Amino acid sequence: MKRRPEIELMEDDDQAVAYAQADFRDANSRFVELVTRHWPAHLSASRVSYRALDLGCGPADIPLRLLRQYPPLQCDAVDGSAAMLAQATVACQQQPPQLAERLRLIEARVPLTLSDLANLAVTGALPVPAAGYDLIVSNSLLHHLPEPLALWQTIRAVAHLGSFVCVMDLMRPPEPSWAEALVKTYAADAPAVLQRDFRQSLCAAFEPAEVVAQLTAAGLGECLSVQVVSDRHLAVWGVLD
């Protein structure tokens, strides 16, 4: 099935609310499990803190899950949609203060550099790490991008030697009928706007071989690997060297 790109940002307030209220526990838990299983640093006791960057954080469910999983973690969470970040702010307000204060929300679009992030991150006690982030994550951003290399170039720009990267995204099915079957399986009871968005996202997603080609073009093919992790998701992870 030929890829059909979709809009880059979910800027509609109703759309953002519907997305924030949707049940993504299965996929988001799978993402955090991938980080936990494959991040070799595993928050060594010798480190006082680790810095993470989430690209395309949406309503911030994944960074909040990571902060609960890893108490030494501090996270900068980036999204280009003000409507999504408004939902992320609501989610942060519902957390214990000692957890919420470890998350900084930043409105920005990829591609980004550390200098860009330093100029944008005007709140929060910690500056953007000049040497780069220890953990860089992204979930369901890649298929939204008109130019997918923007994500991989950003990851190169904000990482340091030894940074762990974990990216998960939808995987484009081979036939339109497969996309319809996935919508019926996973979104049959969802609001119409979410069914529409899920269908469009499946059609806009990349095949594993296409992601492999993107990594090669970005100079990341030797350190990041691509794996199929569900009937609708692929994931990319590895340590930058």
Side-chain angles (χ1 to χ4, degrees), residues 1-12 15-16 19 27 31 52-59 62-63 76-85 88 105-121 128 132-133 135-160 163-174 176 179 196-229 232-238 240:
M1 181 171 69
K2 185 177 180 181
R3 180 179 185 248
R4 299 202 300 268
E6 65 173 347
I7 59 171
E8 182 175 355
L9 299 178
M10 292 184 177
E11 297 183 289
D12 181 80
Q15 187 182 30
Y19 189 89
F31 185 91
L53 178 68
D54 185 345
L55 297 167
C57 66
I62 283 179
D76 288 341
V78 174
D79 203 284
S81 167
M84 278 294 186
L85 289 178
L105 301 175
I106 301 173
E107 185 177 347
R109 298 166 67 170
V110 299
L112 288 165
T113 66
L114 284 172
S115 295
D116 295 331
L117 287 166
N119 291 331
L120 290 162
V128 168
Y133 290 88
L135 172 66
I136 304 163
V137 300
S138 181
N139 179 55
S140 295
L141 172 64
L142 183 63
H143 70 269
H144 282 287
L145 299 176
E147 176 45 70
L149 283 181
L151 175 60
W152 309 118
Q153 290 165 350
T154 296
I155 287 173
R156 284 183 63 93
V158 301
H160 60 67
S163 294
F164 181 69
V165 174
C166 188
V167 174
M168 193 169 82
D169 207 278
L170 291 171
M171 178 173 59
R172 189 168 81 251
R196 180 203 66 192
D197 288 350
F198 185 33
R199 182 180 297 106
Q200 291 178 347
S201 293
L202 286 167
C203 295
F206 295 97
E207 297 175 343
E210 293 170 331
V211 178
V212 170
Q214 294 166 17
L215 295 175
T216 301
L220 297 170
E222 296 297 318
C223 51
L224 300 182
S225 61
V226 181
Q227 301 287 335
V228 174
V229 294
R232 63 202 186 280
H233 294 104
L234 58 79
V236 179
W237 66 78
L240 296 194

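Keep in mind that this is a model prediction, so the values were computed, not measured. Starting from 1, each residue takes its place in the sequence as its number. Computation of the quantities below employed the complete heavy-atom set of this structure, encompassing side-chain atoms and omitting hydrogens, waters and symmetry-equivalent molecules.
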How many angstroms lie between atom CG of Leu151 and atom CG of Asp169, to the nearest 0.5 angstrom? 8.5 Å
Is any side-chain heavy atom of Val128 closer than 4.5 Å to one of Tyr133? yes
Just verifying a value: how many Å separate Leu135 CG and Ser163 OG, rounded to the nearest 0.5 Å? 8.5 Å
To the nearest 0.5 Å, what is the distance between CD1 (Ile155) and CG (Leu149)? 11.0 Å
Salt bridge (charged side-chain N to carboxylate O under 4.0 Å, His left out) partners of Arg199, counting only residues at least two apart: Glu180
Is it true that a side-chain atom of Asp79 and a backbone atom of Leu85 form a donor plus acceptor pair closer than 3.5 Å? no
What are the two closest heavy atoms between Pro111 and Thr154, and how far apart are they? CA-OG1, 3.1 Å
Could you tell me whether the side chain of Ser140 reaches within less than 4.5 Å of the side chain of Met168, counting heavy atoms only? no
Does any non-hydrogen side-chain atom of Val167 lie less than 4.5 Å from one of Leu55? no
Note: Pro63 and Cys57 closest approach over all heavy atoms is CG-CB, 4.3 Å
Give every residue pair that meets the salt bridge (Lys or Arg N to Asp or Glu O under 4.0 Å) criterion with at least one member in residues 208-227, sequence neighbours excluded. Arg172-Glu210
Are Gln214 and Leu142 side-chain neighbours, meaning at least one heavy-atom pair lies under 4.5 Å? yes
Determine whether Leu170 and His233 satisfy the following criterion, side chain to side chain contact (heavy atoms under 4.5 Å, CB included), listing intermediate values before the conclusion. CA-CA 4 Å; Leu170 291 171; His233 294 104; 3.9 Å; yes
Where do Glu107 and Gly80 come nearest, in terms of heavy atoms and distance? OE2-O, 4.0 Å
Leu240 vs Leu220, test: side chain to side chain contact (heavy atoms under 4.5 Å, CB included). Steps then yes/no. CA-CA 8 Å; Leu240 296 194; Leu220 297 170; 3.9 Å; yes
Are side-chain heavy atoms of Val229 and Phe31 found at a separation under 4.5 Å? no
Measure the shortest side-chain to side-chain distance between Val212 and Leu215 over non-hydrogen atoms and say whether it is less than 4.5 angstrom. no
Rounded to the nearest 0.5 Å, what separation is found between the CD1 atom of Ile106 and the CG atom of Leu53? 7.0 Å
Please test Val110 against Trp152 for side chain to side chain contact (heavy atoms under 4.5 Å, CB included), starting from the C-alpha separation and ending with a verdict. CA-CA 10 Å; Val110 299; Trp152 309 118; over 6 Å; no
Residues Pro208 and Val228: closest non-hydrogen pair is CG-CG2, 4.0 Å
Grab the two heavy atoms, one from Ala108 and one from Val78, that are nearest each other, plus how far apart they are. O-CG1, 3.5 Å
Contact summary for His143 and Ser201, nearest pair of heavy atoms: NE2-OG, 3.1 Å
Going from CG on Leu224 to CH2 on Trp237, what distance comes out if it is rounded to the nearest 0.5 angstrom? 11.0 Å
Evaluation steps, side chain to side chain contact (heavy atoms under 4.5 Å, CB included), between Val165 and Val236: CA-CA 8 Å; Val165 174; Val236 179; 5.6 Å; no
I'd like to know whether CZ of Arg4 has more than 12 heavy-atom contacts from other residues, nucleotides or ligands below 6.0 angstrom. no
Hey, could you give me the CZ/CD1 distance between Arg156 and Ile136, rounded to the nearest 0.5 Å? 11.5 Å
